[in-house]
2 protein chains.
Amino acid sequence: IVELRQISKHYVMAGNPIKVLENINFHLVAGERVAIMGTSGSGKTTLMNILGLLDHPSSGQYFLNGQEVNSLTEDERAALRNRTIGFVFQAFFLLPRLTILQNVSLPLHYRGCDKITATERAQQMLAKVGLAPLIHHKPNQLSGGQQQRAAIARALIGNPAVILADEPTGALDSQTGQLIMDLFAELNAKEKVTIIIVTHDPKIAEQCQRIVHIRDGKIA
Amino acid sequence: IVELRQISKHYVMAGNPIKVLENINFHLVAGERVAIMGTSGSGKTTLMNILGLLDHPSSGQYFLNGQEVNSLTEDERAALRNRTIGFVFQAFFLLPRLTILQNVSLPLHYRGCDKITATERAQQMLAKVGLAPLIHHKPNQLSGGQQQRAAIARALIGNPAVILADEPTGALDSQTGQLIMDLFAELNAKEKVTIIIVTHDPKIAEQCQRIVHIRDGKIA
Ligand SMILES: Nc1ncnc2c1ncn2[C@@H]1O[C@H](COP(=O)(O)OP(=O)(O)OP(=O)(O)O)[C@@H](O)[C@H]1O
Ligand SMILES: Nc1ncnc2c1ncn2[C@@H]1O[C@H](COP(=O)(O)OP(=O)(O)OP(=O)(O)O)[C@@H](O)[C@H]1O
Ligand SMILES: [Mg+2]
Ligand SMILES: [Mg+2]
């Protein structure tokens, strides 16, 4: 379902190229649960942004569900992303002026879902991550781990085929982190959702079927 | 050096009071290294914000270096905070339009330190956390763990007597996290800096002299 061929990414700063990813080859079949590990700065978030159609590689090809995505228009990429991918960002990116109930309903609004159904499903998803009493809080009225869980709820609400989770338990105690891993495992088992988790935590990585290591922008 | 007596904190939302901290009693002598652990939402960041003079408790007293801080003016609190406390925030709070070299020099500028010395010391501190080649990057040109390390460098640069670190290794792989713990241990041993670390990671907590557990806003 996901295939990267010779993906490379570099930035240019002060005229010098900074290589971040080099010749990444990677493929996953539907329903796989993969962990990506690597030291700080090794390229994990950059890889996730390319997988999530939020960034373009400098070279190489990316096939999502058999479709080469770099040749699509920006609108087609955005539509494909909304339908197929749920992204839990390392920095959460919740909208500060909306309550988390509104934040979590947003992906369904973009699909034209009616307000009542969207709100109901957002409420259910927030309950699943343990945030039921806090649905009317804005992000700055929540703890770090509560914000992270709201970001997870938002990523899951559209029933995506692929979940990209960038350090989804980084701000969580081990008990709450396990709640999230159980939720991912359930989606993986029942609905064959493909899950890619970036993590620094070996206990989280061990719960995946495969672990991929990234070192200096290459798959080790 | 730090004493909290009967500290309580609540918020009011939609007319209802939400109790976050209740009757916290806590004291530390200079040079202690303490870990604070507790589930997501238990009140750790709220406690740290009160300790860091960034927030006022709803009731109770806080003595820092023998001085009761709630009775000081806002200017006096700000001055005391700049002199005494180095805070590593859970959400980093780096200024987005400055390079990390500029971000880390900022506390020294506020003290009237000259630009050359401030820049030199910022460069040294950034080298200590492994960010030497990246000093001219802005925060959005860095990985999550690199931003966290820049925030740590900024907290340490003013030689504070008290370091408050809210999940300082949350975005770091274990090797880089240990680099940071070694740095804290060195400050603790050589300069008697008092260190309070909020963490979800038992391996980090075990490296402290004492572990305090918070549950539902109370010390367990
Ligand atoms: N402005 C606010 N208004 C209402 N409730 C708030 C506000 N800020 C925080 N809270 C609530 O206070 C509680 C404690 O928050 P705090 O950030 O101290 O938790 P924490 O222990 O740091 O959690 P984490 O481990 O997830 O970072 C949470 O339940 C949160 O929802
Ligand atoms: N806009 C940019 N310009 C220049 N360099 C960048 C930019 N964005 C990221 N980088 C660099 O790319 C490298 C990889 O960053 P990335 O965010 O992918 O790391 P990561 O593996 O997710 O790290 P972490 O575990 O700390 O989150 C880093 O060294 C970073 O400094
Ligand atoms: Mg990252
Ligand atoms: Mg917190």
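Quick note on labels: first sequence line is chain A, next is B, and so on, each numbered from 1.
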Chain A: which of Met13(B), Met37(B), Gln90(B) shares the most heavy-atom pairs with it under 4.5 Å? Met13(B)
Residues, nucleotides or ligands: over 12 heavy atoms within 6.0 Å of [X] [atom1]:
X	atom1	value
Arg210(A)	CZ	yes
Asn25(B)	CG	yes
Asp216(B)	CG	no
His27(B)	NE2	no

Turns out that what part of Ile18(B) lies under 4.5 Å from chain A's heavy atoms comes down to side chain
Non-hydrogen atoms of chain A under 4.5 Å away: do they reach the side chain of Thr45(B), the backbone, both or neither? neither
For chain B, the option from [options] that forms the most heavy-atom pairs under 4.5 Å:
options	result
Gly170(A), Ala171(A), Gly177(A)	Ala171(A)
His137(A), His136(A), Gln146(A), Gln141(A)	His137(A)
Arg149(A), Lys44(A), Gln175(A)	Arg149(A)

Taking all non-hydrogen atoms of both residues, which atom of Thr39(A) and which atom of Asp173(B) are closest, and how far apart? CA-OD1, 3.2 Å
Of all the heavy-atom pairs spanning Ser40(B) and Thr176(A), show the shortest one and how long it is. CB-OG1, 4.3 Å
